[in-house]
Amino acid sequence: MIKHNIFLPALTLLATVAWHCGVNAQQQEAAIPQSHQQLTAGVLLGDFTKLDASRTPSENFDLLNWYLTLPADLNKDQKADIVWEKPLSDGFKLEPLFYTAADGGMVFACPNQGAKTSKNTKYARTELREMLRRGNTRVKTQGITENNWVFSSAHSSIKRKAGAIEGSLEATLAVNRVSVTGDIKKVGRVIIGQIHATDDEPIRLYYRKLPDNEHGAIYFAHEINDGDDVWVDLVGSRSHTLADPTDGIKLNEKFSYKITVENDVLFVTLIRQGKPNITKSMDMSDSGYSKNNQYMYFKAGVYNQNNTGNPQDYVQATFYHLSNQH
């Protein structure tokens, strides 16, 4: 259990760590791609037997194609601090924000109050950002570069410059804790996976458990480029008055997700142990992500969606499998 103010020593310790510092989309019944059809119902993704509690996160997971954002601003640039690919993959850990659990899983924790990635960002995060360049700093992080990917409908000149065309993100995790204080409309919310584009998010995948409920809901938002969100429920809903969704997911219960973009269609599959898989799709062909300035990258971890209540209130999740595929 993380106690009051236990985050503060961790944020201080960071100073000793070296790092570079319009158009409505419509949900549709699309043909499920082979990569999702092959997912065995009720069987979680990944091989957990190889996880070792004595190792750092990067010794259990390939982290060279990610950087880590932390809810701290030790260099006082008014932005959240970043641990870039090479130091992250060279054994970085920082309890209680990012470390290896007693069962070998990779733990992400984030308080309600923390440094943000920009002035326009409302919430703090302890979250990985996909980096296809794998530590090659000659490749620029942002833009249409080999570090990012694009939709298949993008112009051929854009696709030639990108690091990949579409792809998948899959994870197995357990949400260990959600926020319990503050604005009831924000309590219990955490984003556990994303596709981020140049400015907007083709998908934000949420877990939410309300204080009086035993089970949590899973749902996602598809953000139209320069437009509104379209919400899709997988189990339960995003309502802050939701009755206990008995088909939902409890805290500390492992589950898997797979997010895929194929031919401009978004597919999301939720896998729960011993239960039927749930797959939802979204046609994104009119969402504006094929424009020449649009590039994509996956994100995974905990993006706390509550910035109210006790500043030391927090969210936490443990990942047991993480794979980005292009």
Side-chain angles (χ1 to χ4, degrees), residues 19-21 25 33 35 58 61-70 79-89 116-118 120-121 125-171 191-205 220-227 257-268 282 284-301 303 322-326:
W19 67 77
H20 303 285
C21 296
S35 61
S58 65
F61 299 85
D62 178 8
L63 297 182
L64 188 58
N65 55 355
W66 303 91
Y67 77 51
L68 178 68
T69 302
L70 293 164
K79 293 182 180 179
D81 292 325
I82 291 173
V83 184
W84 294 91
E85 306 104 286
K86 288 187 176 180
L88 179 63
S89 64
K116 318 297 192 300
T117 55
S118 71
N120 296 325
T121 302
R125 71 189 82 199
T126 302
E127 187 181 42
L128 295 173
R129 190 273 201 208
E130 184 180 35
M131 299 289 283
L132 295 180
R133 71 180 189 178
R134 293 183 64 83
N136 181 1
T137 56
R138 291 174 295 180
V139 177
K140 292 183 178 180
T141 300
Q142 306 294 332
I144 311 297
T145 73
E146 294 179 357
N147 193 52
N148 304 307
W149 53 274
V150 297
F151 278 22
S152 60
S153 58
H155 191 274
S156 58
S157 62
I158 299 300
K159 290 191 283 188
R160 285 194 296 268
K161 294 179 182 179
I165 300 170
E166 301 182 334
S168 295
L169 173 68
E170 58 182 45
I191 293 173
I192 53 175
Q194 295 189 68
I195 298 173
H196 202 291
T198 304
D199 295 305
D200 300 314
E201 296 119 353
I203 181 174
R204 301 188 307 272
L205 182 64
F220 68 86
H222 169 63
E223 185 177 14
I224 308 299
N225 185 23
D226 290 328
Y257 67 75
K258 188 179 182 77
I259 297 169
T260 296
V261 176
E262 184 172 300
N263 297 321
D264 285 21
V265 180
L266 173 70
F267 298 91
V268 184
M282 175 77 65
M284 300 186 293
S285 57
D286 291 328
S287 295
Y289 292 110
S290 297
K291 296 179 180 179
N292 288 348
N293 68 336
Q294 293 298 310
Y295 58 91
M296 319 292 151
Y297 48 90
F298 289 118
K299 305 191 81 175
Y303 184 11
L322 182 66
S323 176
N324 57 323
Q325 305 156 1
H326 295 281

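Keep in mind the model is a prediction, meaning the values are calculated, not measured.
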Inset, instruction - Output all residues satisfying ring pair (Phe, Tyr, Trp, His ring centres under 6.0 Å) with Trp66, sequence neighbours left out; order by chain, then residue number. - result: none

Inset, instruction - Test Leu63 against Leu128 for side chain to side chain contact (heavy atoms under 4.5 Å, CB included), laying out the working first. - result: CA-CA 9 Å; Leu63 297 182; Leu128 295 173; 4.1 Å; yes

Inset, instruction - Report yes if some heavy atom in the side chain of Leu132 is under 4.5 Å from a heavy atom in the side chain of Asn148; otherwise report no. - result: no

Inset, instruction - Please list, chain by chain and in numerical order, all residues satisfying side-chain hydrogen bond (donor to acceptor under 3.5 Å, both in side chains) with Asn136, sequence neighbours excluded. - result: Arg138

Legend entry - salt bridge (charged side-chain N to carboxylate O under 4.0 Å, His left out) against Glu127, all qualifying residues, sequence neighbours excluded: Arg125, Lys299

Inset, instruction - State the CD1-CG distance between Ile165 and Asn263, to the nearest 0.5 angstrom. - result: 11.0 Å

Legend entry - Side chains of Ser168 and Glu170, donor plus acceptor under 3.5 Å: no

Inset, instruction - Examine the side chains of Thr198 and Asn293 and answer whether a donor and an acceptor come within less than 3.5 Å of each other. - result: no

Legend entry - Heavy-atom neighbours of Lys79 NZ exceed 12 at 6.0 Å: no

Legend entry - Partner set under salt bridge (charged side-chain N to carboxylate O under 4.0 Å, His left out) for Arg129, not counting sequence neighbours: none

Legend entry - Verdict with reasoning, Thr141 to Arg133, per side chain to side chain contact (heavy atoms under 4.5 Å, CB included): CA-CA 8 Å; Thr141 300; Arg133 71 180 189 178; 3.4 Å; yes

Legend entry - Residues which pass salt bridge (charged side-chain N to carboxylate O under 4.0 Å, His left out) with Asp199, listed by chain and number, not counting sequence neighbours: none

Legend entry - Residues that His326 engages under ring pair (Phe, Tyr, Trp, His ring centres under 6.0 Å), provided they are two or more places apart: Trp149, Phe298

Legend entry - Inter-residue atom distance Asn324.CG - Asn65.CG, 0.5 Å rounding: 4.5 Å

Inset, instruction - Mark yes when over 12 heavy atoms from residues, nucleotides or ligands other than Lys86 sit less than 6.0 Å from its NZ; otherwise mark no. - result: no

